[in-house]
Amino acid sequence: MTEIAPLSADTLNEMTADFDSDPVNRMAMNAVTAAGIDKVARNYDRARLLQRRFSTTVDNGEATHQDRSGRCWLFSSLNVARFVAKKNMNLKEFEFSQNYAMYYDKLERVNYFMGDIADLIRSGEPVDSRLFQHMLADVMGDGGQWTMAMNIYKKYGAVPKDLYPETESSKNTGEMNTQLRRLLHTAVAHMVDEPDQIDEIVRRTVEAGHRMLTIHLGEPPKRFHWEWTDADGVFHRDGEITPQEFWNKYVGSADLESYVCLVDDPRREHVKGHRIGIEHLNNVAGGDPTAYLNVPVQFMKDCVRDILVEQGIPVWFGADCHPMMDRVDGAWAADLFEYGKVYRVDFDMTKEQRVRFGDSAMNHAMAFVGVDVDDDGTTTRRWRVENSWGTKIADKGYFTMGDDWFDEYVFEVAVPKAMLPDEYRKALDEPATMLPAWDPMGALA
């Protein structure tokens, strides 16, 4: 291996002298040290022209708040579902229990992980292999995917938030996740040391996971009485109902479980119009596998536009939310910040390069609730986004996205299967090209 050249004192002195000799560098240093890079690099013209006006807006009520948790995929999928439920119950405001969904997702993940890791141990997978270590490091986080959310709702239904409210641990999941991770790591160590006891260790660990989750999140309801007064002041009573019955009655009409996940994987070796999947990525044993149909980003835009304009329902999506984001004002645009001009550095990677070289991946899920379409009826200009970061930022929690940002940083949308052309529907019947567990397309929102 070639010896790495040390950074010499002479080189450092030369770089320092070059920096000090240029007044532009001094001005940038003075500004950034006093105000921070975002305030200095913010593109004033782009920011002021990113208007909060849309030709189509879907009203979904007050923005929700995931607090200090990574449950955006559950919040955003339930935000789509609550729109349907509010319409079916004629309610102005309504919210599903995100705590209920997380409880069963975590419990199912304990069971799925234990079965998955048991298979690896039995097959002789080395403990220090990349796959084994990836699974140990990635276990028991909060993130997920649309398909994983649907697996939970199909199996366990949903309940109103006031019947299973937030707890300290659901709002701030860090310590609970640490303890669950320790439980699973301990179980794996015992399975490796005692392979003849694997089944018993799995059973005890799932039981312990259930106990720990109930201590942190409370015991979820199996049945409940539901009554409400609608927006017209009319009182309704369902009587006793199960969470599954509640979901099917008030959300089932939208058939969200049959939606298809479209993804824009920009890497050239992954052909558009074909399915891709991620190995070892799921939450419910026996549930639908996490897989995507890889399509051009323009087709994704067209689908989202048509759903908003023609069907009037929010659309779930996943994106890399951090680049070019003004969190306070609630804005995204591909050129919202001019970092390169401040540093005099060319940040010129394409979307494909950012994915390939670890600079970009999906990390947050939200819902589209509006679009501004040009007079031609097809060209999209900007998008309205329902986030789950509370009402104290942006436009009472709602963000505005420039159309150029969609191209660069949106990776996935969930749409009805009926929207797909024949060639894409046929592709859904083909086996998915499976990518390794650590592939960027396996990043969780």
Side-chain angles (χ1 to χ4, degrees), residues 2-53 264 266-268 297-298 301 318-364 366 372 374 379-385 387 389-390 392-395 397-411 440 443:
T2 304
E3 184 176 349
I4 298 173
L7 180 61
S8 69
D10 287 344
T11 300
L12 180 57
N13 289 336
E14 288 176 9
M15 291 191 297
T16 301
D18 287 343
F19 182 92
D20 291 340
S21 68
D22 191 331
V24 174
N25 290 335
R26 304 291 302 182
M27 186 179 298
M29 180 182 70
N30 292 339
V32 173
T33 54
I37 184 61
D38 280 357
K39 289 183 179 179
V40 175
R42 188 170 181 265
N43 184 338
Y44 169 76
D45 287 331
R46 187 68 174 98
R48 69 182 176 85
L49 294 174
L50 191 61
Q51 300 295 310
R52 292 173 175 169
R53 291 190 286 270
D264 173 31
R267 294 170 292 182
R268 282 162 288 181
V297 70
Q298 185 59 52
K301 282 186 184 180
D320 180 3
C321 75
H322 301 300
M324 299 295 171
M325 174 181 68
D326 185 332
R327 184 185 179 105
V328 175
D329 284 349
W332 289 289
D335 57 350
L336 191 58
F337 295 91
E338 299 177 301
Y339 299 114
K341 290 183 179 180
V342 177
Y343 301 131
R344 289 193 284 180
V345 172
D346 291 330
F347 295 119
D348 58 358
M349 284 193 294
T350 64
K351 187 176 188 178
E352 177 182 6
Q353 289 172 323
R354 289 194 300 270
V355 169
R356 194 179 299 280
F357 296 107
D359 194 66
S360 187
M362 181 167 57
N363 53 39
H364 190 50
M366 296 163 282
D372 188 52
D374 215 337
T379 303
T380 49
R381 302 172 64 202
R382 54 184 171 264
W383 305 82
R384 183 166 170 81
V385 174
N387 210 335
W389 291 346
K392 295 182 179 180
I393 58 172
D395 181 13
Y398 286 81
F399 281 56
T400 299
M401 177 194 299
D403 194 67
D404 56 351
W405 197 91
F406 192 127
D407 291 327
E408 297 297 327
Y409 298 107
V410 171
F411 284 99

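Quick note: residue numbers are just sequence positions, from 1. Quantities reported herein were computed from a predicted structural model and do not represent experimental measurements.
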Could you tell me the separation between the CG atom of D326 and the CG atom of D38, rounded to the nearest 0.5 Å?
7.5 Å

Minimum heavy-atom distance between R53 and R382, given as atom pair plus value:
O-NE, 2.8 Å

Should I37 and F337 be marked as a side-chain contact (heavy atoms from CB on, under 4.5 Å) after you check the CA-CA gap, both sets of side-chain angles, and the distance that decides it?
CA-CA 9 Å; I37 184 61; F337 295 91; over 6 Å; no

Between F411 and Y409, the two heavy atoms sitting closest are CD1-O, 3.5 Å

Heavy-atom count check: over 12 atoms from other residues, nucleotides or ligands less than 6.0 Å from R268 CZ?
no

Shortest non-hydrogen pair, A331 vs L50, comes out as CB-CD2, 3.7 Å

How far apart are the C-alpha atoms of D404 and R46, what are their side-chain angles, what is the distance that settles it, and do they pass the salt bridge (charged side-chain N to carboxylate O under 4.0 Å, His left out) test?
CA-CA 12 Å; D404 56 351; R46 187 68 174 98; 3.4 Å; yes

Could you give the distance from CD (E352) to CG (D264), rounded to the nearest 0.5 Å?
10.5 Å

Check whether any side-chain N or O of N363 sits under 3.5 Å from a backbone N or O of C321 as a donor-acceptor pair, and report yes or no.
yes

Which is it for M366 and F399 under the side-chain contact (heavy atoms from CB on, under 4.5 Å) test, yes or no, and what are the steps along the way?
CA-CA 10 Å; M366 296 163 282; F399 281 56; 5.9 Å; no

I would like to know whether V342 and E338 meet side-chain contact (heavy atoms from CB on, under 4.5 Å); could you show each step before the answer?
CA-CA 7 Å; V342 177; E338 299 177 301; 5.7 Å; no

Under 30°, 30 to 60°, or over 60°: which ring-plane class applies to F406 and W383, parallel, tilted or perpendicular?
tilted

Can you confirm whether more than 12 heavy atoms, excluding those of D18, are under 6.0 Å from its CG atom?
yes

Interatomic distance, CH2@W332 vs CG@D320, rounded to 0.5 Å, equals 11.0 Å

Of all heavy-atom pairs linking M324 and L336, the shortest is O-CD2, 3.7 Å

Are E408 and R354 within salt-bridge range, i.e. N to O under 4.0 Å?
yes

Are the side chain of D372 and the backbone N or O of R381 linked by a donor-acceptor pair below 3.5 Å?
no

Which heavy atom in K351 sits nearest to a heavy atom in D407, and how many Å separate them?
NZ-O, 2.9 Å

Between D403 and K301, is a side-chain contact (heavy atoms from CB on, under 4.5 Å) present by the stated rule, with each step listed?
CA-CA 9 Å; D403 194 67; K301 282 186 184 180; 2.6 Å; yes

Please report the interatomic distance CE(M29) to CG(N25), rounded to the nearest 0.5 Å.
9.0 Å

Drop me the distance from R52's CZ to R384's CZ, to the nearest 0.5 angstrom.
8.0 Å

Counting only heavy atoms not in M27 (residues, nucleotides, ligands), do more than 12 fall under 6.0 Å from its CE?
no

Any idea which heavy atoms bring G330 and A394 closest together, and the distance?
CA-CB, 3.4 Å

